[in-house]
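Below is one structure; the comments refer to it alone.
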Amino acid sequence: MVTSQLKTVSVSAGAIMLCMFIFLSACEKSSVDIEPIEIDKSYFPLSSGKYIIYDVDSIVLSDFFDTTDTVHYQVMEQVDSPFLDASNQEAFRIVRSRRNSVGDAWMVTDIWSANLTETTAEKVEENLRFVKLNFPVLLNKTWKGNSHISTDSPLVYLSDWDYKYTEVNVQLQIDTAQFDSVVTVTQHDDENAIQKILYLEKYARNIGLIYKEEQNVETQPGQYPDGYILIMKISEHN
């Protein structure tokens, strides 16, 4: 009787060891088969001399005057020389120029900056640092794009925005230009019966920002809309 029990125990122990071996082998195989997600930063290229020219429509809606004021102009963003920023990271100066129409001379209006980290693409606009992209690029991924900004008044409207990839690797045509791989970042989208607040940007692989839209419009019943709309579309790049 004792011999039979020992034999049973021995068999059970052997079975347990076999199961553990199979389990560990499966785990090891699974870990080997998992491939890391590619970090593709080509949607935000930074190199000295690169430029993009945008056609811009700026529309101001005034409830007080019952008017719509539309201004058309062009903006050029050119990547200038690199430098070390306050956190000792490499960044690039972005020289922004404006002209009213093709043929006019460019007038420098701002010096911004941009940089890449291991997981983000960031841009400093008017001394405000925005996390434009978050790597890896994945559909429906969200992040706090305004997390570096102190959103006290008058910037309270920027607080707690959840940036989101709402389109990834899609084709897009802007006027006559065709882009094969585009991601859309919806920075903020809040719409109701009386107000529309929409901020979004589109980036093309190996080019950068190709489209930007801002809408902040309020419409009260029986009143003229009040707010502004800004549309930027790529016109030329190198």
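Worth saying up front: this structure is predicted, and the values here are computed from it rather than measured.
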Which residues, ordered by chain and number, are linked to Ile111 in its hydrophobic cluster, where ILVMFWY side chains connect at heavy-atom gaps below 4.5 Å, directly or through other members?
Val95, Val108
Hey, does [Y] have a side-chain heavy atom less than 4.5 Å from the side chain of [X]?
| X | Y | answer |
| --- | --- | --- |
| Pro136 | Lys141 | yes |
| Tyr203 | Leu133 | yes |
| Phe179 | Ile174 | yes |
| Leu172 | Ile210 | yes |
| Lys132 | Val185 | no |
| Glu122 | Val124 | no |
| Met76 | Trp106 | yes |

Does any donor atom in the side chain of Ser181 or Asn169 lie under 3.5 Å from an acceptor atom in the other side chain?
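Judged by distance alone, the side chains do pair up.
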Does a side chain donor of either Lys50 or Asn238 reach within less than 3.5 Å of an acceptor in the other side chain?
no
With sequence neighbours left out, write down each residue that passes side chain to side chain donor-acceptor pair (under 3.5 Å) with [X], or none if nothing qualifies.
| X | answer |
| --- | --- |
| Thr186 | Thr166 |
| Tyr51 | Glu236 |
| Ser97 | none |
| Asp55 | Gln74 |

Sorted by chain and residue number, the salt bridge (charged side-chain N to carboxylate O under 4.0 Å, His left out) partners of Lys233 (sequence neighbours excluded) come out as Asp175
Salt bridge (charged side-chain N to carboxylate O under 4.0 Å, His left out) with Glu167: which residues, sequence neighbours excluded?
Lys202
Under the side chain to side chain contact (heavy atoms under 4.5 Å, CB included) rule, what do Ile59 and Tyr228 come out as? Steps first, then yes or no, please.
CA-CA 6 Å; Ile59 305 169; Tyr228 78 95; over 6 Å; no
Could you list the residues that satisfy ring-ring contact (aromatic ring centres under 6.0 Å, His included) with [X], not counting sequence neighbours?
| X | result |
| --- | --- |
| Phe92 | none |
| Tyr163 | Trp143 |
| Tyr199 | Trp161 |

Spell out, as yes or no, whether a donor-acceptor pair under 3.5 Å connects the side chain of Thr67 to the backbone of Ser62.
no
Salt bridge between [X] and [Y], side-chain N to carboxylate O under 4.0 Å?
| X | Y | result |
| --- | --- | --- |
| Arg205 | Asp40 | yes |
| Asp104 | Arg99 | no |
| Lys123 | Glu201 | no |

Is the positively charged end of Arg93 above the ring of Phe83, judged by distance under 6.0 angstrom from the centroid and angle within 45° of the axis?
yes
ring-ring contact (aromatic ring centres under 6.0 Å, His included): which pairs involve residues 109-138, sequence neighbours left out?
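Applying ring-ring contact (aromatic ring centres under 6.0 Å, His included) to every pair that reaches into residues 109-138, excluding sequence neighbours, yields nothing.
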Walk me through it: do His188 and Leu198 pass the test side chain to side chain contact (heavy atoms under 4.5 Å, CB included)?
CA-CA 6 Å; His188 193 63; Leu198 175 66; over 6 Å; no
Review item, side-chain donor-acceptor pairs of residues 219-227, under 3.5 Å, at least two apart:
residue, atom, partner, partner atom, Å
Gln220, NE2, Glu218, OE2, 2.8
Tyr224, OH, Thr68, OG1, 2.4
Asp226, OD1, Asp63, N, 3.0

